[in-house]
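The block underneath contains the structure these notes are about, expressed in structure tokens.
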Amino acid sequence: MSQPYYLSTAISYPNGAPHIGHAYEAIAADVMARFRRSQGRDVFFLTGTDEHGLKMAQAAREKGIEPAELAHEMSQMFKDMCDNLDITYDRFIRTTDPDHVKAAQTIWKKMEDKGDLYLGRYEGWYSVRDEAFYDESELTEGEGGAKLSPQGTPVEWTVEESWFFRLSNYGEKLLDHIAANPAFIQPDSRRNEVVRFIEGGLKDLSVSRTSFDWGVPVPGSPDHVMYVWLDALTNYITGVGYPEGGDKWERYWPADAHLVGKDIVRFHAVYWPAFLMSADVELPKQVYGHGHLLGEGGIKMSKSLGNVVDPREMLGRYGVDALRYFLMREVPFGQDGSVSEEALVTRVNAELANSFGNLAQRTLSMIHKNCDAIIPEAGKASEDRKLLDDVMAACDEKLPAAFDRWAFSTGIEAWLSAVHACNAYVDAMAPWGLKKTDPARMAEVLGTLAAAIAPLARAIAPVSPHGSAAILDQLAKGEEGNPIEKPTPAFPRLELPAKEEKCA
RNA sequence: GGGCCCGUAGCUCAAUGGUUAGAGCUGACCGCUCAUAACGGUUAGGUUGCAGGUUCGAGUCCUGCCGGGCCUACCA
């Protein structure tokens, strides 16, 4: 049996339509999942939606529907997004799934048995919109003397009975674990932040709410629902069979990686492992905090600036392969990076369509026309060997080494150099000239190119699966001396829609 | 306030303290005509944010400043 690989994305809070950030994380995780499968790993890939909490309850009330109904509707939008992006998840988990509710209650009981939960009182300034308590000193004064949170949202003085988790007991244990497992939090810059946060001292964490009931009921305290993060994080173990156990659980837990945005690294690298330690469950091997996508000029995307990129629009306009390739190629993973439609079109046309797609097209086309559509054997001349060696080094070593450490753009860059080498080889060999002077050599050259294109298509398949499959299909038709069909471009050129007039 | 990171070509980014700071995109020029008007080659472009310091030698290390970002605490 092959080596298991368990990967998760964060589950999305579906209080609005999916945005490009959701698409980005799903794509990155899917690229990793497909890459691992291509290495022969037995992958389990989990994604889903986090549906409980006050905001969902309120949104439902405003619409005059049940929270469960709203959650269902909104969750479907996220599932559709994943399906449209060809995300190959093994399970789309919802925190409203019955097995998840049971898992969340079970981990709660384990933590309670450990003596890590106690009943207390929480009073303070609470912002409904932020779902957070603030200290008096953090507040600012708004219009008419109204008190506002640091985010500018209204706050109310709230007194709540609440269960607390003894997070304060876990600081040392967490630091020890982090020190002993350098890969636990990646990239390093994120780890440093987490370490510093823990060193600053951990306070006990409020883990239940009584002010609303849209959540997982606390066992034995019917007035309380579990804190959304405790509920949400538990999805990672529900997804593989906690608490029942069984084959999946034995096989996939602990997870190889939780892929999350840098904004929620703390929940995954501090709270979550502390919960797991308390419940005597092994910790995941890695939490990777990726960067955020920014608008043009590195400006944060926001509705008011009108620079928000809608993934569904991009998808409709340019297709899955292009969007996936662009996001993985353009931004060094782990860092923030800016994206724009123009950059997408430029990048995809130059690299996917012109460099690689056209390489496949011109090669297959020449084989189709000049070799009776039969793919010739690769040549044995030193230039031929050199080219294939370079291609194999890129596809079998450089790209995988980069993808192993989530460095997608670096891996793709190595792949692209090999593509460029192929185009230079075509130019140097000029098979269209050999056609008249040395047809046998022409065949060798075209065979060499065909032999190069196959691994190149396989290597980029996790990123751009459709076009890669199209090329591999065309090549597969030519196996065992069968003729290939007249080739069609696998990665079409894109066009930027005509610019709207800006003058009023 | 404390801490961390970044600043390199018009743009996006590389460069264990060690030759003349590199690559892609964009631009200019040349070549090719198999191919999705695609490909290849040449070339231009730099006071490495600023000022000092350490060193035989600094983009890299140290100090200060300017600018940008992130984490975090607090005062009024």
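Note: hydrogens, waters and symmetry copies are ignored here, and every other heavy atom, side chains too, is used. Quick note on labels: first sequence line is chain A, next is B, and so on, each numbered from 1.
In this entry the distance linking CE of A:Met366 with C1' of B:U33 reads 10 Å, nearest Å. What separates CD1 of A:Ile412 from P of B:C13 is a distance of 15 Å, to the nearest Å. One atom, CG of A:Asn354, and another, C1' of B:A38, lie 5 Å apart when rounded to the nearest Å. The distance from atom CD of A:Glu199 to atom C1' of B:G3 is 11 Å, rounded to the nearest whole Å. In this structure, A:Glu330 atom CD and B:C13 atom P are separated by 8 Å, rounded to whole Å. Per the geometry, CD belonging to A:Glu351 stands 11 Å off P belonging to B:C39, to the nearest Å. A:Ile198 places its CD1 atom 16 Å from the C1' atom of B:C4, with the value rounded to the nearest Å.
A:Ser38 contributes atom OG, which lies 10.0 Å from atom CZ of A:Arg458 (distance to the nearest 0.5 angstrom).
Summarising the base pairing, B:G40 is matched to B:C30 through a Watson-Crick or G-U wobble pair whose two defining distances lie under 3.5 Å. In a base pair of the Watson-Crick type (N1 to N3 plus N6-O4 or O6-N4) or a G-U wobble (N1-O2 and O6-N3), with each distance short of 3.5 Å, B:G59 is matched with no nucleotide.
Aromatic pair A:Tyr271/A:Phe165: centroids not less than 6.0 angstrom apart.
Salt bridge A:Arg324/A:Asp30: present, at least one basic N to carboxylate O contact under 4.0 Å.
Residue A:Asn423 places its side chain closer to B:C39 than to any other of B:C70, B:A35, B:C39. Nearest to the side-chain atoms of A:Phe491 among the listed nucleotides B:C34, B:U36, B:G24 stands B:U36. Nearest nucleotide to the side chain of A:Thr346, out of B:C25, B:G40, B:A38: B:C25.
Neither OP1 nor OP2 of B:A38 sits under 4.0 Å from any side-chain N or O of A:Arg362. Using a 4.0 Å cut-off, some side-chain N or O of A:Lys369 falls inside it from OP1 or OP2 of B:A35.
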Note to self: I'd like to know whether A:Tyr227 forms a ring-ring contact (aromatic ring centres under 6.0 Å, His included) with A:Trp163, so could you lay out the CA-CA distance, the side-chain angles of the two residues, the decisive distance to 0.1 Å, and finally the verdict.
What the structure shows: CA-CA 9 Å; A:Tyr227 173 52; A:Trp163 285 92; over 10 Å; no
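Among the atoms of the strands shown, none is found under 4.0 Å from any heavy atom of A:Gly200.
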